[in-house]
Amino acid sequence: MECFMKKNDMVKVTIEDIGVNGEGIGKVDGYTLFIKDAVIGDVVEAKVTKAKKNYGYARLVNIADESEFRVTPRCDVARQCGGCQIQAMSYARQLEYKNEKVRNNLIRLGGVPQELLDEVMEPVCGMEEPYRYRNKAQFPVGTDREGNIITGFYAGRTHQIIPHMDCAIGRAENKEILNIIISFMKEFGLSPYDETSHKGLIRHILIRTGYRTGEIMVCIVINGNGIPHGDTLAERLAEIPGMTSVTYSVNREKTNVIMGREAGLLWGQAYITDYIGDIKYQISPLSFYQVNPVQTERLYETALEYAGLHGDETVWDLYCGIGTISLFLAQKAKHVYGVEIVPQAIEDAKKNAQINGIENARFYVGKAEDVLPEKYENDGIHADIIVVDPPRKGCEESVLHTMVKMQPERIVYVSCDSATLARDVKYLRGSGYEVKRVKGVDMFPHTGHTEVVCLLSKLKSSKHIEVELKMDKLI
Ligand code: SAH
């Protein structure tokens with residue numbers, strides 16, 4: 001059957017649903033259209049940009065009738081930027097959307113009975129002030145058509161820089177920092193980097209802030225070996241209250257990777273410090289660190305609460321990154337074992353354990369699917385509680401298999417993608433575990449992302465597990 005919709009067709013459509021990335025979804029005679037920037041409840045005129053057999057995409061041209069959930073985005077460049085997909089949706093509706101997404105995935109993909117979920121699911125934890133929450137920003141530096149030095153953000157999926165220094169979810173002082181650097185470049189004739197010719201010096205400006213400490217770090221990424229008059233620049237930046245670290249990072253490669261490997265200190269110290277709860281972290285330009293510290297604390301508190309520790313438990317933290325959750329858990333557990341694939345992250349985890357005087361946490365480099373069975377089967381390390389915080393693709397089935405074999409009392413699953421969480425929950429529910437608590441934590445207001453914590457407990461009598469375990473031993 002031929003599709004009745006064609007590219008460039010104009011349609012008028014009521015937005016009835018929200019897609020996985022926050023886009024509006026509407027139907028024209030049963031044909032589904034995905035329309036970015038359209039808010040649920042809007043009636044919009046849109047131009048079809050791509051028509052597939054059963055569904056298509058369209059670009060919002062005009063809002064004929066505004067949804068009750070539509071608000072004016074704080075950023076006047078919200079549509080061009082694309083960093084925030086749902087800034088035009090009221091925050092209360094955003095939270096409801098995130099709740100629905102988690103709930104639907106757990107029911108449809110996870111097979112969790114609706115009645116059970118309604119009983120155990122807690123309301124999503126949103127922010128009181130859902131702006132200015134990001135503690136990290138990376139600004140590309142380039143030139144406009146007239147040759148002026150500019151900085152801002154890349155227009156959605158391109159490398160064209162849209163000048164803009166005041167992102168509504170970033171720190172207010174970023175603008176001042178950027179202005180100092182751009183004026184300095186003009187004054188001393190420092191060139192911005194040009195991707196096409198691979199010429200020019202200043203590529204990116206990284207700014208990180210310790211929310212609790214107020215410490216600020218600036219790292220300038222350069223296509224060269226140093227910054228001429230770098231001392232002068234550093235002196236000017238040092239005037240900003242809270243400035244703690246000014247560094248540069250050398251990246252001479254033709255690459256989309258922002259940071260280089262070598263770094264140099266221009267002023268102050270090479271790292272900043274921040275706290276999540278009572279745990280102190282040292283953050284260098286290259287370290288991984290959660291970007292929303294306020295909500296991270298709530299996320300980890302939820303994970304800790306779900307873990308229900310009394311002090312004598314052995315806890316595993318799989319996919320532990322720089323050990324943030326591990327160190328949180330270590331305050332309440334007997335032993336914590338963290339597993340992470342990136343060696344650098346494990347070095348940071350060990351260092352962070354040390355600066356906090358935490359001695360009951362151990363960290364292993366490797367894949368969770370290799371390390372966990374090895375430590376369990378060869379070294380006989382058991383688990384009372386297992387916490388996992390995998391990347392978007394979720395856990396490998398073999399990891400889930402080993403987890404079940406270890407028979408922890410509780411599994412705390414921290415997830416950044418409720419669809420893969422639901423898939424893994426299905427496996428665990430089929431293996432003697434049941435969902436006891438679920439809570440979304442809004443780590444990324446105005447984006448379609450949803451973080452969620454799910455507690456699963458071992459069922460008291462799980463006959464089929466025993467059978468499965470015996471079979472395992474026989475094999
Ligand atoms: N829990 C951490 C980070 C979680 S992000 C925090 O809150 O800060 C997921 C982490 O899983 C990343 O650090 C990634 O490097 C790691 N990872 C990805 N695949 C892995 C695997 N197969 N085994 C172990 N770690 C893995």
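For ligands, and for the atoms within them, numbers begin at 1 and follow the listed sequence.
- Among Pro391, Gly338, Gly366, the residue whose heavy atom lies nearest to atom 19 (N) of ligand 1 is Pro391.
- Atom 7 (O) of ligand 1 has as its closest protein heavy atom Tyr300 OH, 2.5 Å.
- For His198 and Tyr193, the ring centers sit closer than 6.0 Å to each other.
- Closest protein heavy atom to atom 23 (N) of ligand 1: Ala368 N, 2.9 Å.
- Which of Arg392, Glu369, Gln344 comes nearest to atom 22 (N) of ligand 1 through a heavy atom is settled by distance: it is Glu369.
- The heavy atom nearest to atom 25 (N) of ligand 1, out of those in Ile325, Asp317, Ile341, is found in Ile341.
- Looking only at distances, no side-chain donor or acceptor of Asp442 sits under 3.5 Å from a matching main-chain atom of Cys125.
- With ligand atoms numbered from 1 in the order given, ligand 1 contributes 1 (N), 2 (C) to contacts under 4.0 Å with heavy atoms of Cys320.
- Here is the list of ligand 1 atoms found below 4.0 Å of a heavy atom in Val342: 15 (O).
- When atom types are taken as modelled, the side chain of Arg171 and the backbone of Glu173 share no donor-acceptor pair closer than 3.5 angstrom.
- Note: no N/O pair closer than 3.5 Å links Lys367 and ligand 1 by distance alone.
- With respect to atom 8 (O) of ligand 1, the closest heavy atom belonging to the protein is Thr324 OG1, 2.8 Å.
- Within the 4.0 Å heavy-atom criterion, neither part of Ala345 lies near ligand 1.
- Asp389 O, 3.3 Å is the protein heavy atom nearest to atom 9 (C) of ligand 1.
- Atoms of ligand 1 lying under 4.0 Å from any heavy atom of Gln290, numbered from 1 in the order shown and given with element: 6 (C), 7 (O), 8 (O).
- No side-chain heavy atom of Val452 sits under 4.5 Å from any side-chain heavy atom of Lys439.
- For atom 13 (O) of ligand 1, the nearest protein heavy atom (residue, atom name, distance) is Glu340 OE1, 2.8 Å.
- To the nearest 0.5 Å, atoms CZ (Phe34) and CD (Glu23) are separated by 6.5 Å.
- Closest of all the heavy-atom pairs between Met259 and Val221 is SD-CG2, 3.8 Å.
- Side-chain contact between Val453 and Tyr413 is absent, with no heavy atoms from C-beta onward closer than 4.5 Å.
- Residue Phe288 touches ligand 1 through its side chain alone, judged by heavy-atom distances below 4.0 Å.
- Figure legend: Arg93 and Phe69 shown as a cation-pi pair, the cationic atom lying under 6.0 angstrom from the six-membered ring centre and within 45 degrees of its axis.
- Nearest protein heavy-atom neighbour of atom 21 (C) of ligand 1: Tyr319 CE2, 3.7 Å.
- Scanning both residues, Tyr300 and Ile325, for their nearest heavy atoms gives CE2-CG1, 3.3 Å.
- Residues Leu456 and Glu434 form no side-chain contact, since every pair of their non-hydrogen atoms from C-beta on lies 4.5 Å or further apart.
- Ligand 1 lies out of reach of Ile322, whose nearest heavy atom is not under 4.0 Å from it.
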